[in-house]
Amino acid sequence: MALAKPQTTDMAPAYQPGDVEPAIYQRWLDADVFRPEGAGSQADWSKPPFVITQPPPNITGSLHTGHALTTTVEDLMIRRARMQGFPTLWVPGVDHASISAQVVLDKIIAKDGETRNSLGRERYLERMWLFINETREQIGNQHRRLGASVDWHRLRFTMDEGSARAVRVAFKRLYDEGLAYRGEQLINWCPRDLTSVSDLEVIATPAKGTLWSVRYHLVDANGQPLPDETITVATTRPETILGDTAVAVHPGDARYAGLVGRMVWVPFVDRIVPIIADEVVRQDFGTGAVKITPAHDQDDFETGKRHSLPLIDVMTDDGHINEHGAAFAGLALDAARTRILDELRERGDLVGEQPHDMILGRCERSGDVIEPRLKVQWFVRTKPMAAKAMAAVNEGRTTFVQAHHRKVFFDWMENIHDWNVSRQLWWGHRIPAWYCPEGHITVSDSLEGPGACDVCAKPRAELRQEEDIFDTWFSSGLWPWSTLGWPDSTPDMEKYYPTTVMETGYDILFFWVARMMMLGETLTGREPFKYVYLHGIVRDPQGQKMSKSKGNVLDPLGVINELGADALRFALLHGPEPSQDQKMSRPRLEDARNFANKIWNAARFVLSVRPAEIPSDFRLGLVDTDQLGPADHWMLERCAATLGAVESAYANFEFGEVARLLYDAIWNDFCDWYVELAKIGLSDASASAPRKRAIWSTLTWVLDRYLRLLHPLMPMLTEEIWGKFPHRASDPELLMVAPWPLASDTAVAADARLAEGATAVIELISGIRAARAQSGIEPGDILPAQVWLAHGPPSDAYGRMTDAFGRLARVQPALVDERAALADGLAVVTATGQARLTRSEADLQRERARLAKEFGNLQTQYDATHARLNDANFRSRAPEAVVEQANNRLVELGVQMDALKSRLKGS
RNA sequence: GGGCGGUUAGCUCAGCUGGUCAGAGCGCCUCGUUUACACCGAGGAUGUCGGGGGUUCGAAUCCCUCACCGCCCACCA
């Protein structure tokens, strides 16, 4: 019963992703199938467009696993939607990343001995463009390697004029509506990067500090400090004494009740400031009295406002004491602190110091301590915008796929502070505000700027543009609509806005997602996207976050080169849900590669067994359907069940489940069972040609369905294989735009009765295999076996699967009608059937010998353990746990030996 | 100080609205030259489902509580 000689195929014996993937991507580009209006698009414009909002990667970055995951998930969603016929749009882009780009460029120019300041703003920006133009292609090319089906025609760089105009118009609109304002506020200053940063970029870091107690002297009527009348305050930042404008106590604090209203002398700066009473002071902390430095502390700033205290900034931009610092001017902050402490100590006014655990704000980027400083900057009034964004969620216009993020989102939105959008950097969108000599502000959205001052009509020549640029997230926050032509009402805006799914990592929920929602609602009056899907973090095998400094990064391009992009994509999906954090490891990647190879070979097999009379330009379909047997119906039924399960997983955004379902269906159902069953049918000399055609058409039909279902996950592999298979007349050239399988799209509905029968047969085969292996029966031996199957469908199917049954279970089966008719023998029992195997005398001998040998091994161990336990030395000197372990082992061995004995007898 | 996620076989993870839910893959062990695939096939062993309470006829699955791991938010000198 040899298999018919396989036909040759042009498929390599092992899948070579390196040969396939780039070529396939090029085919897609050539066919123009990425853009919805493309020549190869099969979009059904009667359907609503499906649009992805993605985070544009930084211009300076190279592909990391986070990009790989985000791209994989987005590509998965959009490919499925595309196959479903929706017009699909995925706009790719690059973010100018102002601060990161500057850090990178600063390093580069440092090699030429230049600095930002030595070049000056204009030359620095020229240099930046040079750099950007060299690198902007890189990240895009890397996304191509991943197979991202983005619309390259709409590629957007956030420094393009399209974005620039959107930024200007957005800002002017906010300004006109009172949602953007210029004001003097306490901002977060990074003395290293020399710019303010938003609250989100300040990382609360635990630190070991010191709490010092400092004596302040009250003054007499003439303003002279009194040597003996003092009030002691507690501070962790003595250097800010130079900016003190009050001392505060709690209004209810009896200790200080008499002092409120008196004046104290601030050392070093010779300033007389009041003792005030304020509720914020905690009586039980420190001394119950606190110095107030409104220009350098958020609490103090608020207190200062309540009491109309002066604000005195004592710092320079680069972290030194400024001219307000009297004798300390010019000193670095820490040096100033040391000297101030020394001098206080000398005067006897440093009366206490104790270690103090505190939280320090550090710059996300430079790690330097963030200094709260008073600055005039531009702010976005977020409260009213946040209300709109929350309304979108409450009204169900925007849905968080993972509901728990919703709570986090609301918590942040409800407690939101105004957004400082000014950055004292050069690379980015310059704030389009102009100031006239009178101090009037003119905000303009035109490329040329304003013609004159809005207020006093001073000519343009006298206006001065704001030096600051916008926080990068201000332009990224306009992404979904600014990429579609906003503020114009373009056809793209009409068609593709609001977008469908916003997909990104949960780590930028506040930075980006929340801001898009606020800005989108405010500027476009619509929710920018219907769904928010947030993915987790890809970690190293130990669960550590990957980082270049730790050296534990997984280079996606390396993986792609070695194992293929499809393998990388599948590995990222085949594990925990992408919404969870996941650990990526070599075995997971290899497993995905193996899966790719498995499909490749299954396809190779199917192609190689095409019956000669089926023409190579065969149109896909189930032929000779009356010839379909139980196994074929079983396969069709399994395939339909998988489709149903995949659909419901997609409906719940459970992409990990999709991967699992397809992996199991293809590997187990299709390869392990159906292909094996089909081999037998195809090689059966007595089977008719129509029967063989029916089997082969089922193989191709099912494989076609699985390739379609798998395409969003492993696009290049599936495209390549699909191209080698028969298609339907109605199918396009490319799988990428071929129709998504429908439950109703079955040439013949699977016969549930026959499928059920086949299941019973398959289960019995498994049972027999297990029994054989356990009983040590030679794999090559074909044993006589009696078979009984429960009445009804199972036995019905069996009749048509006898041959397969015999070959796969390696038995010579004989069906009996009654269970009672089963003779003695090695019994196999399943839910729907039974079998009795007659072992040859040789088998019985072999098994006895094997059992005896095993018994001998156990006996040896038993004796050794027994002897050890009888050794008084061992019992008295070994740790209790070890003795107990030995005891347990002895019992366990005894039980195993008993079991063997009874089997020796029984066999 | 709040909040979120996690804790299931050695490892990575499934187990949705309580009753074939104790599973898969890897690893491990046994066997296999049945020509799609050794990046393979057949079979096997391993878990008191983090601890403790509770609800229930019945709980990895619901409630309470504790512990540990990770993360987010937070203006207390």
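Computed from heavy atoms alone, side chains included, the values below leave out hydrogens, waters and symmetry copies. Because the structure is predicted, anything quoted here is derived from the model rather than measured. Chain identifiers are assigned alphabetically (A, B, ...) following the order of the sequence lines, protein sequences preceding nucleic acid strands; residue numbering begins at 1 within each chain.
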Practice item. Dot-bracket for RNA chain B, please, read 5' to 3', with Watson-Crick or G-U wobble pairs under 3.5 Å on both distances, ( ) within the strand, [ ] crossing, | other strand, . unpaired. Key: (((((((..((((.....[...)))).(((((.......))))).....(((((..]....))))))))))))....
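Residues forming a salt bridge (Lys or Arg N to Asp or Glu O under 4.0 Å) with Lys291(A) (at least two apart in sequence, or on another chain): Asp244(A). Listed by chain and number, the residues in a side chain to side chain donor-acceptor pair (under 3.5 Å) with Gln580(A) amount to none (sequence neighbours excluded). Asp672(A) pairs by the side chain to side chain contact (heavy atoms under 4.5 Å, CB included) definition with Lys598(A), Trp667(A), Asn668(A), not counting sequence neighbours. Applying the salt bridge (Lys or Arg N to Asp or Glu O under 4.0 Å) criterion to Glu279(A), with sequence neighbours excluded, gives no partner residue. Every residue was checked against the side chain to side chain donor-acceptor pair (under 3.5 Å) condition with Lys407(A), not counting sequence neighbours, and none meets it.
Interface residues of residues 231-240 of chain A facing RNA chain B, ordered by number: Ala234(A), Thr235(A), Thr236(A); criterion, heavy-atom separation under 4.0 Å. Less than 4.0 Å separates RNA chain B from at least one heavy atom of each of the following residues of residues 295-306 of chain A: Asp299(A).
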Distance-only donor-acceptor hits, side chain of residues 202-214 of chain A, under 3.5 Å, sequence neighbours excluded:
residue	atom	partner	partner atom	Å
Thr205(A)	OG1	Ile203(A)	O	2.9
Thr205(A)	OG1	Leu360(A)	O	3.3
Lys208(A)	NZ	Asp357(A)	OD1	3.0

Between the protein and nucleotides 10-13 of chain B, list the N/O to N/O atom pairs that are separated by less than 3.5 angstrom.
residue	atom	partner	partner atom	Å
U12(B)	OP1	Lys583(A)	NZ	2.9
C13(B)	OP1	Lys583(A)	N	3.3

Between protein and nucleotides 2-6 of chain B, what N or O pairs are separated by less than 3.5 Å?
residue	atom	partner	partner atom	Å
C4(B)	OP1	Lys407(A)	NZ	2.7

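Of all heavy-atom pairs between Pro578(A) and Phe655(A), the closest is CG-CB, 4.2 Å.
Within the structure, the side-chain hydrogen bond (donor to acceptor under 3.5 Å, both in side chains) test picks out the following pairs touching residues 506-515 of chain A (sequence neighbours left out): Tyr506(A)-Asp581(A).
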